[in-house]
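Have a look at the structure below before the remarks.
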Amino acid sequence: MSIRQLIINPGSTSTKLAVYEDEKEVAGESVAHAPEELAACGGLYEQISFRLEAIRRFLDRQNLSVSNFDDIMCRGGMVWGIGTGGYRVNDELVTALSHEEYASPHASDLGGILGKMLGDEAGIDAYIYDAVTGASLPKVAQITGFPEIVRRSSCHVLNMHAMAERFAQDQGVTYDSLRLIIAHMGGGVSLCAIENGQIVDSIGDDDGPFSPERSGFTQILPIVKLCYSGNYTYEEMKSMIRGNGGLKAYLGTSDAREIEKMIADGNKEAALLYRAQAYQISKGIGELSIVHKGKCDGVILTGGLAYSGMLTAMIEEYAGFIAPVHIYPGEHEMQALALGGLRIMTGKEESREFHLDDIRASGQLTFDAP
């Protein structure tokens, strides 16, 4: 008997949905949500009923009901203090996903909540898998220069884990035997170091290289000066960091294809900025090589920007001495969720149970500006 899974992946302006039977996608749709529709809901968590109806309409179009599924796999929310892999969505995890004390507000937080509501109707379990914040950082990696701030992991865990599993399969070795550095390169760039099957350190899209839409991190005092200049609101500063920073701020576009055309047409500024992006990504790879004490089995470049031969060649030029560079382009979120669920349902991987006491004990409650 095949295992049938419903996959739910909420984004800021869409809800991606799919039906998988074992490893095969048999139906899929990205349901777009107009900004005015989302605005009419109110805040993020007020979108739950709206998105729930979108899922029900998708199932109706497929002539399916929730009772037709063995489980529901959901994109993990930004809950601090959890590990990689799968977590069964229990009441305590719903509480964490629903409150800013435990999670940074993000559309992915809705995945587990929606999955639990649907699963309860049919008596099946819902899981989140490889949440953005999932990691096993040692204490030494959590220290910052600010006693009030605990360093936390944030990266594209879902695609990174999936590409590491694929790399291990290609190499004929087990995933947990590898020391890897992975750069996920999309609108934002994040990197991680993997050892013993766990993310043991990472560089997020706001504390590392700049990217097509993110400003990345630079000297902190000029940033503090900008914040207190009176020229920008808190929301405007956040927009500069995520959404309107990086290449977009310089060139007016975040589309790598347009930027490479500029370079081909002789635009020297675009050429310099594109190389600077590759340079900073490479520096991030070098920084994480310290985690492995230089003993790294491979560097993996993934995400949409990994389709750019120009960019990946420059990164290999800078960072190829660290370890062989392997390119796995694209984002494979829905498949990664399905494969994670399949490992859980077939007993190849155990899911975890979430407890609020664990996150309190980790000291990684949210710290955000008002």
Can you measure from [atom1] ([X]) to [atom2] ([Y]) and round to the nearest 0.5 angstrom?
{"X": "Y274", "Y": "N267", "atom1": "OH", "atom2": "CG", "answer": "13.0 Å"}
{"X": "M1", "Y": "E21", "atom1": "CE", "atom2": "CD", "answer": "10.0 Å"}
{"X": "D109", "Y": "R75", "atom1": "CG", "atom2": "CZ", "answer": "10.5 Å"}
{"X": "I55", "Y": "F50", "atom1": "CD1", "atom2": "CZ", "answer": "11.0 Å"}
{"X": "Y20", "Y": "S2", "atom1": "OH", "atom2": "OG", "answer": "14.5 Å"}
{"X": "N9", "Y": "S30", "atom1": "CG", "atom2": "OG", "answer": "8.5 Å"}

**Prompt:** Is a donor on one side and an acceptor on the other found under 3.5 Å between the side chain of H292 and the backbone of L180?
**Reply:**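 Checking the backbone N and O of L180 against the side chain of H292, a donor-acceptor pair under 3.5 Å is found.
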**Request:** Would you confirm whether E349, through its side chain, and R343, through its main-chain N or O, come within 3.5 Å as a donor-acceptor pair?
**Result:**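 Side chain of E349 to backbone of R343, a donor-acceptor pair under 3.5 Å: no, none is there.
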**Qualifying residue for side-chain contact (heavy atoms from CB on, under 4.5 Å) with L301, from L191, L311, I285** =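 Of L191, L311, I285, side-chain contact (heavy atoms from CB on, under 4.5 Å) with L301 is met by I285 alone.
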**Nearest heavy atoms of G330 and N159, plus distance in Å** =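 Nearest pair, atom of G330 first, then N159: O-ND2, 3.2 Å.
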**Asked** Between V189 and P209, what is the shortest heavy-atom contact and its length?
**Response**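 Answer, listing the atom of V189 first, then P209: CG1-CG, 3.8 Å.
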SB check [X] [Y] (cutoff 4.0 Å):
{"X": "R275", "Y": "E317", "value": "yes"}
{"X": "R166", "Y": "D170", "value": "no"}
{"X": "R88", "Y": "E353", "value": "yes"}
{"X": "K261", "Y": "E258", "value": "no"}

Are [X] and [Y] close enough that a side-chain donor and a side-chain acceptor fall under 3.5 Å?
{"X": "T253", "Y": "D255", "answer": "no"}
{"X": "S108", "Y": "H106", "answer": "yes"}
{"X": "E269", "Y": "Y250", "answer": "no"}

**Message:** Walk me through whether I263 and I259 qualify under side-chain contact (heavy atoms from CB on, under 4.5 Å).
**Reply:** CA-CA 6 Å; I263 296 170; I259 294 168; 4.3 Å; yes
**Message:** Angle between ring planes, Y318 versus Y279, binned at 30° and 60°: parallel, tilted or perpendicular?
**Reply:**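 Rings of Y318 and Y279: perpendicular, over 60°.
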**Request:** Please write out which residues are connected to I241 in a hydrophobic cluster, directly or through intermediates, given that two of Ile, Leu, Val, Met, Phe, Trp, Tyr count as joined at side-chain heavy-atom separations below 4.5 angstrom.
**Result:**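 Joined to I241, directly or through intermediates: none.
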